[in-house]
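Values below: all heavy atoms of this structure, side chains included; hydrogens, waters and symmetry mates excluded. Naming: A, B, ... by sequence-line order, numbering from 1 per chain.
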Amino acid sequence: MQLNNKPFDLDLTLYCGQIFKWEKKDGWWWGVIEDKPVKIRQVNTQLEIKNASSNLITSYFGLNDNLYEIKRKICKDEHIKKALNRFWGLRIIHQDPWECLISYICATYKSISAIRNMLFKLSKKFGEKIILDDHIFFTFPKPEKLQSVKESDMLACGLGYRSKYVLASSKKVFHNESIFEDLANLPYSQAKKKLIAFPGVGPKVADCILLFSLGKNEAFPIDVWIKRVILHYYSDHFSKQFISKISTTRSITNSEYNHLSEFGRTYFGEYAGYAQEYLYHFERMIS
DNA sequence: TTCCAGGTTCCAA
DNA sequence: TTGGAACATGGA
């Protein structure tokens, strides 16, 4: 599949921490899309794909998002410009909302390597085994499966206190099959409000789900890394008192979260989520 | 051993 | 509404 002048960097996109279940081995990326095993690699402007159509790959990796237009809109200052230039081709994947919900509930207060381990264990224990070219994959477990497992089995996957949240949210999804379709059709703030009602989902997790799986590109998730970015490069946009307060405490309050996130949305605009991803990855790579 | 992790929940003030 | 502790676990 030819990229035809569409900027795309497969490695960056899969490596930047937005998605957890892809593995790189023997020069190929191995993952599961819509319950099918897929392998893919990039050679310059060509994508070599096994077991997925070009259409599926195009929609999954958001290749129809106009990255030039996005860059033009979010490139508001020298810092974001630096991040855009260094990591040009990083795209926001269109994840499955169900998997995204559970993944980001698990992602709270955990390192990326630990999150990956949790989700691989969860898939191995409760998902379906599938094979492509001798590589063994496990699909992400379905709501009907996860909502029925014992908490002790979930604890065995290393989920810790998140187990009860995953169980409760799975039950909620299981009893409302059209939930994600409904959420995708709602405007950002209404969808966010509904997501926060899920056990284990706060403002940050909700913003990640909205951005990574429900097409809400204006979502601007605030985590420890983005808080650092704001303290280092964007503190001028806030009062000294506010900056002083958030720099002295580890976690932020709800109203502080809203203040920071609202800044991101208004400053960067309709594609704030892209800005967030570039800034997030840049901060992680330089520190 | 200690620290910290793509935070959320619960409870007291 | 707000502030702060508790929360399970594993990787560095």
Side-chain angles (χ1 to χ4, degrees), chain A residues 12-22 83 87 90 92-93 95 99-122 124-125 150-170 172 192-214 216 219-232 241-242 244-261 264 272-287:
Chain A
L12 274 175
T13 300
L14 288 173
Y15 178 72
C16 74
Q18 63 179 311
I19 194 157
F20 307 102
K21 276 199 63 203
W22 284 82
F87 298 118
L90 169 57
I92 290 179
I93 293 173
Q95 299 187 36
E99 180 171 344
C100 193
L101 167 72
I102 300 303
S103 297
Y104 278 90
I105 290 176
C106 290
T108 60
Y109 203 19
K110 271 290 178 189
S111 62
I112 288 182
S113 55
I115 298 162
R116 284 172 51 83
N117 275 330
M118 259 188 252
L119 296 174
F120 273 104
K121 283 182 188 170
L122 206 59
K124 190 170 183 185
K125 205 169 176 71
K150 284 185 293 186
E151 190 176 342
S152 57
D153 284 335
M154 226 171 251
L155 284 167
C157 298
L159 270 69
Y161 64 86
R162 302 161 193 81
S163 297
K164 55 181 179 294
Y165 301 144
V166 169
L167 263 176
S169 281
S170 298
K172 195 167 169 175
K192 183 169 177 179
K193 205 171 167 185
K194 282 190 183 287
L195 275 170
I196 287 175
F198 279 76
V201 178
K204 188 269 174 182
V205 170
D207 273 330
C208 287
I209 299 163
L210 290 164
L211 176 62
F212 298 135
S213 72
L214 293 169
K216 310 299 182 196
F220 194 82
I222 307 293
D223 64 0
V224 288
W225 293 97
I226 291 297
K227 185 177 132 181
R228 279 174 206 149
V229 169
I230 290 177
L231 288 173
H232 290 159
Q241 194 183 0
F242 180 78
S244 161
K245 166 70 171 61
I246 65 164
S247 57
T248 52
T249 53
R250 192 189 63 77
S251 65
I252 54 174
T253 66
N254 242 318
S255 70
E256 286 162 355
Y257 183 97
N258 291 334
H259 192 30
L260 291 167
S261 185
Y274 266 91
Q276 195 272 7
E277 268 317 274
Y278 276 88
L279 292 172
Y280 170 82
H281 191 58
F282 189 61
E283 190 67 14
R284 275 169 40 89
M285 291 302 109
I286 61 174
S287 61

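- One distance of note links NZ of A/Lys227 with CG of A/Leu260; it measures 8.5 Å at 0.5 Å rounding.
- Put simply, CD on A/Glu99 is 18 Å from P on B/dG6, counting in whole angstrom units.
- Residue-level contact check: A/Ser255 touches the backbone only, with heavy atoms under 4.0 Å from sugar-phosphate atoms and none from bases.
- When the C1' atom of B/dA5 is taken as reference, atom CD1 of A/Ile226 falls 16 Å away, rounded to whole Å.
- DNA chain B is contacted by both A/Asn254 and A/Asp223; A/Asp223 maps to the nucleotide lying nearer its 5′ end (nearest heavy atom per residue).
- For A/Arg116, no side-chain nitrogen or oxygen approaches OP1 or OP2 of B/dG6 to under 4.0 Å.
- One can place CG of A/Asn258 at 12 Å from C1' of C/dT1, the figure rounded to the nearest angstrom.
- Rounded to an integer number of Å, the gap from A/Ile209 CD1 to B/dG7 C1' is 12 Å.
- Comparing B/dC3 with C/dA8, their C1' atoms are spaced 15 Å from each other, to the whole Å.
- Each of A/Lys192, A/Gln276, A/Lys216 was checked for a side chain to side chain donor-acceptor pair (under 3.5 Å) with A/Asp207, and the lone residue meeting it is A/Lys192.
- Listed candidates were C/dA8, B/dG7, B/dG6. Nearest to the side chain of A/Lys164 is C/dA8.
- Between B/dG6 and C/dA6, the distance separating the two P atoms is 23 Å to the nearest Å.
- Residue A/Phe212 is in base contact, counting any heavy-atom pair closer than 4.0 Å across all strands shown.
- A/Glu277 has its CD atom 13 Å from the P atom of B/dG6, to the nearest Å.
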Inset, instruction - Please step through side-chain contact (heavy atoms from CB on, under 4.5 Å) for the pair A/Phe282 and A/Trp225, ending with a clear verdict. - result: CA-CA 10 Å; A/Phe282 189 61; A/Trp225 293 97; over 6 Å; no
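- With A/Leu159 as the fixed residue, the side-chain contact (heavy atoms from CB on, under 4.5 Å) test singles out one of A/Val166, A/Asp153, A/Leu119, A/Leu167: A/Val166.
- Pair check for B/dT2 finds C/dA12; Watson-Crick or G-U wobble, both atom distances under 3.5 Å.
- Per the geometry, CZ belonging to A/Arg250 stands 16 Å off P belonging to C/dG3, to the nearest Å.
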Do any N or O atoms of the protein come closer than 3.5 Å to N or O atoms of nucleotides 9-12 of chain C, and which pairs are they?
unit_1: C/dT9; atom_1: O2; unit_2: A/Lys110; atom_2: NZ; d: 2.0
unit_1: C/dG11; atom_1: OP1; unit_2: A/Asn117; atom_2: ND2; d: 3.1

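- Here, C/dA5 and B/dC4 have their P atoms 15 Å apart, quoted to the whole Å.
- Under a cut-off of 6.0 angstrom, the local environment of OH in A/Tyr15 is sparse, with at most 12 non-hydrogen atoms contributed by other residues, nucleotides or ligands.
- Taking side-chain N and O atoms only, A/Lys227 has no distance below 4.0 Å to OP1 or OP2 of B/dG7.
- Remark: ring of A/Tyr104 not stacked against base of B/dG6; the cut-offs of centroid gap under 5.5 Å and plane tilt under 30° are not jointly satisfied.
- Separation of the A/Phe220 and A/Tyr280 ring centroids does not fall under the 6.0 Å cut-off.
- B/dT9: Watson-Crick or G-U partner is C/dA5, with both key distances under 3.5 Å.
- Protein atom NZ of A/Lys204 is 13 Å distant from nucleotide atom P of B/dT9, rounded to whole Å.
- Counting non-hydrogen atoms under 4.0 angstrom, A/Gly17 reaches a base of the nucleic acid.
- Note that CD1 of A/Ile112 is 10.5 Å distant from CD of A/Gln18, once rounded to the nearest 0.5 Å.
- If you take CE of A/Met285 and P of B/dG6, they are 11 Å apart, rounded to a whole angstrom.
- Counting any heavy atom pair closer than 4.0 Å across all strands shown, A/Tyr165 reaches sugar-phosphate atoms only and no base atom.
- Geometrically, A/Lys204 does not engage A/Tyr257 in a cation-pi contact, judged by NZ or CZ lying under 6.0 Å from the ring centre and within 45° of the ring axis.
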